[in-house]
*Asks:* 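Below are the structure tokens for one structure; questions will follow.
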Amino acid sequence: MTKIKIALLIKQVIDTRISEGWAPGADGTVDRNALPAIINPEDLHALEQTLRLKEQLGGNAEIVAISMGPQRAAEALRECIWRGADDAVLISDRKVAGADTLATSYALALAIKKVGASLIFAGRQTIDGDTAHVGPQVAQALGIPQITYAEEVALEGDSLVVKRRLDDGFEVVKSPLKALITVGSSAAKCRFCNAKRMLRSRKAEIKTWSAADLDGDLSRFGLAGSPTQVLYSEPIVTESKGGVVLTSSIEDIATLVAELRSNHTIE
Ligand code: FAD
């Protein structure tokens, strides 16, 4: 049996647990280089599913992590190798900067073709862009089936059996091995970095490809290839009004009840 190539789409995102410094500038773009970054959480769930699938295939698979972003996204890709991915490619070029989800998906689809992967895994959604567009758009660009909201992926003969998590239950679907699967946060957590792999691949080479390396239509990359324009955005600042310490005295309980009545929490 020939080795199955699995592409894993990894986005390095701003760690949104920090609250300052990520408001967009006047041109509607964010300077991500200036902010702390992590692997998008759902992409780690997707990585775990690829590793389990490789185990089910008796190791007969190669997992290639692919990211598009600034040079420092190589850190995220190296972490994927430490967690079990076999290879990594970073698309990094000024020509792909300012891409909306359509231009991002176009570049990623070209990279997947160049890698020669038939099965693609991605996170369901990012914690910064939050659109959940990229997985489905990549599937569309490649002309392959897509399975979203995956929670468990199992091999059954020449097919994949995928359990999809829905709002009111789950659904089990079968697909060929040529498909794109987006994995949500209800899927199993990713295993930790392996110490031996970390030592072995501390300086693992991350291949870097430019827009020209992707052999596509240059007018479809980056800002030039992005039909979406951010017209206006405003950061929401939440402020605490401070706290009140209540005792169990009759007066304090009466104050609390009055406040809960006034804001309609109780009748
Ligand atoms: P989702 O669709 O929510 O992601 C789903 C999954 O797709 C992820 O979990 C991951 O597996 C995969 N994925 C998503 N993005 C990538 C990626 N880059 N590499 C690999 N896998 C990925 N962003 C900038 O950093 N700089 C800019 O200047 C910029 N300009 C923009 C201009 C416009 C007009 C718009 C609309 C967006 C711009 N963006 C910019 C945001 C950029 O388009 C998104 O970050 C990107 O398309 C991914 O969208 P998302 O975060 O909503 O991903």
Side-chain angles (χ1 to χ4, degrees), residues 6-17 22 30 32 37-54 56 61 63-69 73 76-77 79-80 83-85 88-89 91 99-109 111-112 115 117-155 159-191 228:
I6 304 175
L8 170 71
L9 302 182
I10 291 290
K11 185 180 177 193
Q12 193 185 47
V13 293
I14 299 167
D15 186 350
T16 48
R17 289 167 301 189
W22 59 293
V30 173
R32 285 158 199 255
I38 54 171
I39 295 180
N40 180 54
E42 287 189 338
D43 301 0
L44 286 176
H45 292 274
L47 170 55
E48 178 60 27
Q49 290 304 312
T50 63
L51 295 170
R52 290 180 181 208
L53 195 58
K54 183 173 174 179
Q56 290 177 63
I63 302 165
V64 185
I66 303 176
S67 190
M68 183 173 109
L77 291 171
E79 185 180 331
C80 290
R83 288 178 189 259
V89 174
I91 309 164
D100 67 3
T101 60
L102 189 70
T104 301
S105 305
Y106 177 65
L108 290 173
I112 291 164
V115 159
S118 50
L119 185 58
I120 298 105
F121 279 76
R124 177 190 57 109
Q125 186 167 339
T126 61
I127 57 168
D128 60 349
D130 254 340
T131 65
H133 287 178
V134 171
Q137 283 181 163
V138 169
Q140 178 78 16
L142 294 170
I144 58 171
Q146 54 179 282
I147 302 170
T148 51
Y149 302 102
E151 187 172 273
E152 276 171 36
V153 182
L155 192 67
S159 305
L160 289 177
V161 175
V162 182
K163 181 176 168 191
R164 302 181 66 225
R165 172 57 58 184
L166 308 175
D167 277 350
D168 51 359
F170 61 85
E171 184 178 79
V172 177
V173 295
K174 213 171 186 177
S175 114
L177 279 172
K178 193 168 183 171
L180 183 144
I181 295 166
T182 72
V183 181
S185 56
S186 64
K189 280 194 173 153
C190 190
R191 61 198 69 181
T228 326

*Asks:* Can you measure from CG (Leu9) to OG1 (Thr126) and round to the nearest 0.5 angstrom?
*Replies:* 12.5 Å
*Asks:* Which pair of non-hydrogen atoms, one from Ala73 and one from Ser67, has the smallest distance, and what is that distance?
*Replies:*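 Smallest heavy-atom distance, with atoms named: CB-OG, 4.1 Å.
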*Asks:* When you measure from the side chain of Asn40 to the backbone N and O of Ile10, does any donor-acceptor pair fall under 3.5 Å?
*Replies:* no
*Asks:* Only one of Val162, Thr182, Leu180, Ile181 forms a side chain to side chain contact (heavy atoms under 4.5 Å, CB included) with Thr148, so which one is it?
*Replies:*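 The passing option is Thr182.
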*Asks:* Is it the case that the side chain of His45 and the backbone of Ala187 share a donor-acceptor pair, with hydrogens and angles ignored and the cut-off at 3.5 Å?
*Replies:*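 Yes, the answer is positive, given that a donor and an acceptor are paired below the 3.5 Å cut-off.
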*Asks:* Is there a side-chain contact between Gln125 and Asp130 (heavy atoms, below 4.5 Å)?
*Replies:*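 Touching, per the 4.5 Å side-chain cut-off.
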*Asks:* Find out whether Lys189 and Glu48 are in side-chain contact, i.e. whether some heavy atom of one side chain is under 4.5 Å from a heavy atom of the other.
*Replies:* no
*Asks:* Just verifying a value: how many Å separate Cys190 SG and Arg52 CZ, rounded to the nearest 0.5 Å?
*Replies:* 9.5 Å
*Asks:* Quick check: closest heavy atoms across Ala179 and Ile144, and the distance to 0.1 Å?
*Replies:* C-CD1, 3.6 Å
*Asks:* Looking at Glu171, Lys174, Lys163, Arg164, which hits side chain to side chain contact (heavy atoms under 4.5 Å, CB included) with Ile147?
*Replies:* Arg164
*Asks:* How about Ile39 and Leu47: do any of their side-chain heavy atoms sit closer than 4.5 Å?
*Replies:*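 They are not in side-chain contact.
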*Asks:* Locate the shortest heavy-atom distance separating Gln49 from Ala188; write the atom from each residue and the value.
*Replies:* NE2-N, 4.1 Å
*Asks:* Taking the side chain as everything from C-beta on, heavy atoms only, tell me whether Leu53 gets closer than 4.5 Å to Leu119.
*Replies:* yes
*Asks:* I need the Lys11 NZ to Asp43 CG distance, nearest 0.5 Å.
*Replies:*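 Answer for the NZ-CG pair, Lys11 versus Asp43, is 9.0 Å.
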*Asks:* Side-chain contact test, heavy atoms from C-beta onward, threshold under 4.5 Å: evaluate it for Phe170 versus Glu151 and give yes or no.
*Replies:*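 Heavy-atom side-chain distance check fails, nothing below 4.5 Å.
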*Asks:* Within this structure, what is the NE2-OG1 distance for the pair His133 and Thr228, rounded to the nearest 0.5 Å?
*Replies:* 8.0 Å
*Asks:* Would you indicate whether the side-chain heavy atoms of Ile127 and Pro41 approach each other to under 4.5 Å?
*Replies:*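 Yes, close enough: below the 4.5 Å cut-off.
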*Asks:* So, Glu42 side chain and Gly184 main chain: donor-acceptor pair closer than 3.5 Å or not?
*Replies:*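 Judged by distance alone, no pair lies under 3.5 Å.
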*Asks:* Is it true that a side-chain atom of Arg191 and a backbone atom of Arg83 form a donor plus acceptor pair closer than 3.5 Å?
*Replies:*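 Side chain of Arg191 to backbone of Arg83: no pair is present.
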*Asks:* Rounded to the nearest 0.5 Å, what separates atom CG in Leu102 from atom OG1 in Thr131?
*Replies:*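 One gets 11.0 Å once the value is rounded to the nearest 0.5 Å.
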